Novice: 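First the structure, which I've put down as structure tokens, then a few questions once you've had a look.
Letters A, B, ... are given to chains in the order of the sequence lines, protein chains preceding strands, and every chain is numbered from 1. Computed from a predicted model, the values in this text were never measured in an experiment.
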Number of protein chains: 2
Amino acid sequence: MRKKPRYKMGDLQLRIMQVLWDASPATVAQVHEALGAKSGLAYTTIATMLRKMEDRGLVAHETADRRFVYQALVSESEVSRGMANDVLERLFEGSLPNLVSHLLRSREVSPEELDRLQELIAQKRRAK
Amino acid sequence: MRKKPRYKMGDLQLRIMQVLWDASPATVAQVHEALGAKSGLAYTTIATMLRKMEDRGLVAHETADRRFVYQALVSESEVSRGMANDVLERLFEGSLPNLVSHLLRSREVSPEELDRLQELIAQKRRAK
DNA sequence: TCGCCAAAACTACCTTGGTAGTATTACCCT
DNA sequence: AGGGTAATACTACCAAGGTAGTTTTGGCGA
């Protein structure tokens, strides 16, 4: 059986996933294109990475027209949840307020963001 | 010169840092003790790891009484900030509300936590 | 049919984290 | 002084992420 693919991944892998998340099935060339511009990575680097990611169950490919078309197997949502929860557990004792408190102290937060946060809380409260 | 130590670290490294954060200067044995109980790691594993971490500038040691006494060089705060901001930037476009929204949807949040969150927002608003 | 070309396959190498065995050292006790 | 012992130093390995060159393959156009 397919084991749960670890949401944990490196930087390049995440960048690749992001490409796949918004340009759903994509060829190696397309992924390379989407990243390569600024990153200056070789085509083969992307191809190798995609193959490794397929081994880990993060993506899958099918062949079309003699070239591989890759597709994400894990959703952005799962990965985000995984990584966010990970930080939460590893550093903030699983407490969302602890995390938020830290972040409010250490970064700029616009009034609009505060509004949105407040709205989110209120909403959650209502949903309870 | 000593370059900015990357807050990014693996699991064991973080666990070791956590020990150092709350038992400030500690010998290898003490760190091992603090972790070893459940983890079953070899003494030398901890020693090796600490040496590697010293190379990366995460910790420093001095010798006392023929053994190394280690001390964290980066604060929990810095590391937390670093890792939290990292997730924020990499996955939530740097938007705290996006992160919170995601987390509120994907995990249990007690009423007390909601209270605390609300309080944090209000407080931040006042401080503005 | 033959060769070119693009894409995939294979191979290789480096770094870092993790894990630990073995060797060395140095102090202290008898 | 000699030996034991506890700590560090050294060495080795493995896995995964990252990076990319080289080889193979297969289809297509001349």
Side-chain angles (χ1 to χ4, degrees), chain A residues 3-20 25-33 35-71 74 79 82-83 86 90, chain B residues 3-20 25-33 35-71 74 79 82-83 86 90:
Chain A
K3 67 201 58 50
K4 59 281 158 191
R6 265 290 123 285
Y7 51 82
K8 245 171 205 277
M9 60 186 89
D11 227 68
L12 178 57
Q13 299 195 345
L14 183 56
R15 235 123 36 82
I16 290 176
M17 288 309 288
Q18 278 161 345
V19 170
L20 293 180
T27 62
V28 178
Q30 285 165 338
V31 174
H32 180 232
E33 179 66 19
L35 296 175
K38 282 301 143 203
S39 55
L41 292 169
Y43 179 92
T44 49
T45 298
I46 308 300
T48 303
M49 211 54 231
L50 279 165
R51 233 169 314 105
K52 287 190 179 188
M53 288 165 78
E54 184 156 31
D55 288 346
R56 304 264 159 293
L58 293 172
V59 303
H61 83 272
E62 51 184 67
T63 307
D65 207 5
R66 200 67 321 214
R67 60 209 117 128
F68 287 10
V69 183
Y70 284 93
Q71 180 186 349
V74 292
V79 172
M83 290 178 68
D86 198 56
R90 297 214 297 161
Chain B
K3 66 200 58 50
K4 60 279 158 193
R6 265 288 124 288
Y7 51 82
K8 245 169 204 279
M9 60 187 89
D11 227 68
L12 178 58
Q13 298 195 346
L14 183 56
R15 236 127 31 86
I16 290 176
M17 288 309 288
Q18 278 162 347
V19 170
L20 293 181
T27 62
V28 178
Q30 284 165 339
V31 174
H32 180 233
E33 178 66 20
L35 296 175
K38 282 299 145 206
S39 56
L41 292 169
Y43 179 91
T44 50
T45 298
I46 308 300
T48 303
M49 210 55 229
L50 279 164
R51 234 168 315 104
K52 288 189 178 189
M53 288 165 77
E54 184 156 32
D55 288 347
R56 303 263 159 295
L58 293 172
V59 303
H61 82 273
E62 52 184 66
T63 306
D65 207 5
R66 200 66 322 215
R67 61 209 116 130
F68 286 10
V69 183
Y70 284 92
Q71 179 187 350
V74 291
V79 172
M83 290 177 68
D86 198 57
R90 297 213 298 162

Novice: B:L14 CG to C:dT16 C1': how many Å, rounded?
Specialist: 16 Å

Novice: Donor-acceptor pair, A:Q30 side chain versus A:V19 backbone, under 3.5 Å?
Specialist: no

Novice: Looking at C:dT25, I'd like to know if its phosphate oxygens (OP1 or OP2) sit under 4.0 Å from a side-chain N or O belonging to B:R66.
Specialist: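 No, because none of the side-chain N or O atoms of B:R66 sits under 4.0 Å from OP1 or OP2 of C:dT25.
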
Novice: Just N and O in the side chain of B:R51: are any of them under 4.0 Å from OP1 or OP2 of D:dA9?
Specialist: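 Indeed, a polar side-chain atom of B:R51 lies that close.
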
Novice: Using whole Å, what does the distance between atom P of nucleotide D:dA6 and atom CZ of B:F68 come to?
Specialist: 18 Å

Novice: Could you state the CD1-P distance from A:I16 to D:dA16, rounded to the nearest angstrom?
Specialist: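 Rounded to the whole Å, the gap is 17 Å.
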
Novice: For A:E54 and A:H61, does a side-chain donor sit closer than 3.5 Å to a side-chain acceptor?
Specialist: yes

Novice: Any chance CD of A:E33 has more than 12 other-residue heavy atoms, nucleotides or ligands included, within less than 6.0 Å?
Specialist: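 Counting neighbours around CD of A:E33, 12 or fewer heavy atoms of other residues, nucleotides or ligands fall under 6.0 Å, so no.
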
Novice: If I take atom NZ in residue A:K8 and atom C1' in nucleotide D:dG17, what distance separates them, rounded to the nearest angstrom?
Specialist: 13 Å

Novice: Which pair of non-hydrogen atoms, one from B:H32 and one from B:L41, has the smallest distance, and what is that distance?
Specialist: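 Closest approach of B:H32 to B:L41, heavy atoms only: NE2-O, 2.6 Å.
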
Novice: From the set C:dA20, C:dG17, D:dT19, return the single nucleotide nearest to any side-chain atom of B:A42.
Specialist: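 For the B:A42 side chain, the nearest candidate turns out to be C:dA20.
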
Novice: Give the rounded distance in Å between these two atoms: CD of B:Q13 and C1' of C:dT19.
Specialist: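 Taking atom C1' of C:dT19 as the reference, CD of B:Q13 is at 13 Å.
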
Novice: Report the distance from atom CD of A:Q30 to atom C1' of C:dA7, rounded to the nearest whole Å.
Specialist: 14 Å

Novice: Please find the pair of heavy atoms, one from A:T63 and one from A:F68, that lie closest to each other, and give the distance.
Specialist: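 Looking at all heavy atoms of both residues, the closest pair is OG1-CE1, 3.6 Å.
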
Novice: Indicate whether OP1 or OP2 belonging to C:dC27 is found under 4.0 Å from a side-chain N or O atom of B:R67.
Specialist: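 For B:R67, the contact criterion (side-chain N or O under 4.0 Å from OP1 or OP2 of C:dC27) is not met.
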
Novice: Closest nucleotide of DNA chain C for B:M49 versus for B:T44: which of these residues is on the 5' side?
Specialist: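 Whichever sits nearer the 5' end wins; that is B:M49.
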
Novice: Establish, with yes or no, whether the OP1 or OP2 oxygen of C:dA20 is under 4.0 angstrom from a side-chain nitrogen or oxygen of B:T48.
Specialist: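 No, outside the criterion.
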
Novice: Taking the minimum atom-to-atom distance to the side chain of A:K52, which one of D:dA20, C:dG18, D:dG18 wins?
Specialist: D:dG18

Novice: Taking NE2 from B:H61 and P from D:dA9, how many angstroms apart are they, rounded to a whole number?
Specialist: 6 Å

Novice: Check the phosphate of D:dT8 against B:Y43, side-chain N and O only, distance under 4.0 Å to OP1 or OP2. Yes or no?
Specialist: yes

Novice: What is the distance, to the nearest angstrom, from the CE atom on B:M53 to the C1' atom on C:dG17?
Specialist: 11 Å

Novice: Under 4.0 angstrom, heavy atoms only, what part of the nucleic acid is B:A47 near: base, sugar-phosphate, or nothing?
Specialist: nothing

